[in-house]
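Just so you know, these numbers come straight off a predicted model, no measurement behind them. Positions are given from 1, in the same order as the sequence printed here.
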Amino acid sequence: MSGERNSAVGEQGSRVPTKVAKGANRKPAGVSAKPTAEKPSKPSASEAEAVKTAKAAKTVTAAKAAAKTVTAAKPSKPESRLAMVRRARRINRELADVYPYAHPELDFQNPFQLLVATVLSAQTTDLRVNQTTPALFAKYPTPEDMAAAVPEELEEVIRPTGFFRAKAKSLIGLSTALRDSFGGEVPGRLEDLVTLPGVGRKTAFVVLGNAFGVPGITVDTHFMRLARRWKWTEQDDPVKIEAEVAEIFPKSEWTMLSHRVIFHGRRICHARKPACGACPITHLCPAYGEGETDPEKAKKLLKYEMGGYPGQRLNPPPDYPGKPAPPLGAS
């Protein structure tokens with residue numbers, strides 16, 4: 001018994017000094033050995049699976065949160081036809097409050113002058129036409145006079161409006177037709193007006209609405225642009241735009257609607273940089289933000305009376321709040 005115990009003790013004693021000796025060889029005497037960090041134990045299969053499941057759960061949660069964000073960012077339900085009509089009519093009412101003085105911006109005293117001025121207004125401003133027509137009507141006051149005009153002389157008078165050769169040809173042609181087919185008078189029917197050289201539906205509706213009191217929608221470049229911005233139509237053909245807009249508004253509103261929309265397009269809702277920050281109907285406009293939204297910067301974009309500048313007519317209506325336009329050549 002005692003021999004077996006001594007043998008066991010001898011074996012243990014031979015192992016312990018060996019480890020101490022190795023430790024003593026690595027560190028000088030009197031210096032304590034640096035504790036060795038305990039290595040993390042390898043997770044069991046069940047623990048690894050739990051970690052994997054937790055990560056997957058976090059990924060699913062994040063995905064759901066992202067999906068909610070995307071859903072919140074989606075546009076609202078498309079506007080119904082009824083809602084669009086109501087919004088369009090409200091725009092018309094509010095524009096009536098903003099521009100109670102809206103009117104045709106061509107100077108004229110009779111249907112013939114309005115017809116000629118409207119033909120001249122193609123590809124130029126109403127201001128330039130108004131600055132040109134005083135001399136024109138002084139020289140050719142009637143259809144008979146203009147029908148007998150020498151083309152080169154007429155061209156020189158209307159040169160400031162641009163495309164003067166083509167326009168002179170149209171003016172002589174329509175004047176001749178008025179003299180020969182309509183007794184020297186401008187007809188008051190759409191089907192007759194559009195037979196005249198240089199006269200299309202837009203020109204005809206300007207004349208009918210403002211010289212004869214016949215309701216009509218004038219789809220010029222401003223009207224076309226705003227009708228599309230306001231989602232009244234998606235058409236880009238003037239005749240189709242006219243037809244679709246006519247279904248939205250009562251016929252009695254067509255002429256004044258045209259003036260208000262055109263006024264707004266010329267003064268605030270410009271083609272390249274709309275003055276969104278100074279627009280009084282932003283709450284009704286689905287295109288808000290296409291232009292300058294800063295109020296102070298937007299104010300600098302306003303034109304004519306809205307910006308404190310002269311209007312386009314040399315002889316504006318009495319209720320027009322702006323300044324008259326200067327005559328041709330005036331500083």
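- The two residues Ile172 and Ala149 come nearest to each other via the heavy atoms CD1-O, 3.9 Å.
- With contacts defined as side-chain heavy-atom distances shorter than 4.5 Å, the pair Pro187/Leu193 qualifies.
- Aromatic ring pairs are classed by plane angle as parallel below 30°, tilted from 30° to 60° and perpendicular above 60°; the pair His264 and Trp230 is tilted.
- At a threshold of 4.0 Å, the pair Lys231-Glu79 does not count as salt-bridged, since none of the basic side-chain nitrogens sits closer than that to a carboxylate oxygen.
- Remark: side-chain polar atoms of Asp319 are not paired, donor with acceptor, to backbone N or O of Tyr101 under 3.5 angstrom.
- The environment of CD in Glu144 is crowded: more than 12 heavy-atom neighbours from other residues, nucleotides or ligands sit within 6.0 Å.
- The existence of a salt bridge linking Glu305 and Arg267 is confirmed by a sub-4.0 Å separation between a basic side-chain nitrogen and an acidic carboxylate oxygen.
- A cation-pi arrangement is found for Arg159 relative to Phe164, the charged atom lying closer than 6.0 Å to the ring centre and inside a 45° cone about the ring normal.
- In this structure, the side chain of Ser121 engages the main chain of Thr118 through a donor-acceptor pair within 3.5 Å.
- Of the residues listed (Asp126, Asn130, Asp107), the one engaging Arg313 in a side chain to side chain donor-acceptor pair (under 3.5 Å) is Asp107, and it is the only one.
- Of all heavy-atom pairs spanning Gly184 and Pro143, the tightest one is O-CG, 3.5 Å.
- The shortest distance between side-chain heavy atoms of Glu94 and Val98 does not fall below 4.5 Å.
- The backbone N or O of Ala148 sits nowhere less than 3.5 Å from a side-chain atom of Arg179 that would complete a donor-acceptor pair.
- Each of Met306, His222, Glu105 was compared with Phe263 under the side chain to side chain contact (heavy atoms under 4.5 Å, CB included) criterion, and only Glu105 meets it.
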